[in-house]
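Here is the structure we will look at.
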Amino acid sequence: MNTKGRFGKFGGQYVPEIVMPALNELEENYAKYKDDPDFQNEFRTYLREYAGRPTNLYYAKELTEHYGKARIFLKREDLLHTGAHKINNALGQALLAKRMGKKRIVAETGAGQHGVASATVAALFGMECHVFMGAVDVERQKLNVFRMKLLGAKVIPVSSGTGTLKDATSEAIRYWATNITDTHYIIGSAVGPHPYPTIVRDFQKVISEEIREQSKEKIGKLPDYVVACVGGGSNAIGTFYDFRNDKDIVKIGVEAGGRGEAPGENAKTLSGTGEPGILHGAYSYLLQDPDGQVVEAYSISAGLDYPGVGPEHSFFRDTGIAKYVSVTDQQALDAFQRLSEIEGIIPAMESSHALAYLETLMPETTKDQSVVVCLSGRGDKDVAMVAKALGQNIE
Ligand SMILES: *Cc1c(COP(=O)(O)O)cnc(C)c1O
């Protein structure tokens, strides 16, 4: 087996031959800039000045008192520019693309959040931006489509297949492979063929590096638990990575349990019935039927309904470095309202999944312990959807 870009047996490069030159070029350039102080300095400067890092490690005193157990801290990625952790990766990749002399960005998007982050950095660096989006999603996510247009991006509806994220991804890759000289493809999570899972993780690991540093002052020691939601797994790998060798720190990834156990009713890739297979260029756990066909994932949260997961999480799961659990749509909805009412913070529906797991976790903890939850994004984008789910008409 080719061991390049592997996390244990997971990862790799399962792509059509036509994509290999683009992947090789990206791999060579990333190897060159990864440890280049000039590149790293530029990245850190944009994270600080443009995105708003470091994000606060906030002691949620009210929520802590609500449970009466371990102290709870929130890593406030929701306070970043554009409202979520996705900007960390988008900035890093756009800077890399600029160094590689690329003039155009392509991206795929489902709910539109990654499309908006990509359009944002393309605007910032004066690059052209093409966002491929399933035709069904273009209809469903009108607000984000307009946002991308305001930022100067071109949104290309994809009607093949089911007209959703996976079809948009295939189109984006095809476009990239045929326009490689002037185009960089920004993937939105820690997924895809090597070197993407490594690149995205490296641009997101700043989350755990900051937690480690901030813990000294805010907690007085390292946390006992770190918790993050898992869609493709980028905010979670960012939250876990710097603690991967700290065996005493329990790392918990929370997947979308959706509305039931039946196939197509959840996105429990690692915590449910997923089996290893190949999706979007990598070998990793994924939701599939007995014939190996990908099963569509479902979640109330558009950022979590992905049938696959980043290969490094598959490795973390099988080696026990992290554990993976799930909460249902309803539990996440409850947590969304709970944090809003108790702390005055409206969390993204994705992040609400991580918060919902506190209901299970907190009773097992003690007062001298501490729990860090990654608040991956803010919930403004979800307010209309939540109103509908609660049976309230705000139109
Ligand atoms: C996209 C998104 C996620 C899920 O993506 P990961 O790659 O798993 O982090 C989680 N939270 C928010 C706020 C998002 O926008």
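Both ligands and their constituent atoms are indexed starting at 1 by order of listing.
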* With Leu96 via side-chain contact (heavy atoms from CB on, under 4.5 Å) - residues at least two apart -> Leu26, Tyr30, Tyr33, Phe39, Met100, Ile199
* What class does the angle between the rings of Tyr14 and Tyr283 fall in, given that below 30° is parallel, 30 to 60° is tilted and above 60° is perpendicular? -> tilted
* To do: Scan for side-chain hydrogen bond (donor to acceptor under 3.5 Å, both in side chains) pairs involving residues 220-240, sequence neighbours excluded, and state none if there are none.
  => His85-Ser234
* Closest heavy-atom contact between Glu255 and His353? -> O-CD2, 4.1 Å
* To do: Report all protein residues having a heavy-atom distance below 4.0 Å to some atom of ligand 1; order the list by chain, then number.
  => Ala84, His85, Lys86, Ser189, Cys229, Val230, Gly231, Gly232, Gly233, Ser234, Asn235, Gly303, Ala348, Glu350, Ser376, Gly377
* **Presence of salt bridge, Glu27 and Lys4, under 4.0 angstrom** => yes
* Val191: side-chain contact (heavy atoms from CB on, under 4.5 Å) partners, not counting sequence neighbours -> Ile187, Ser189, Tyr306
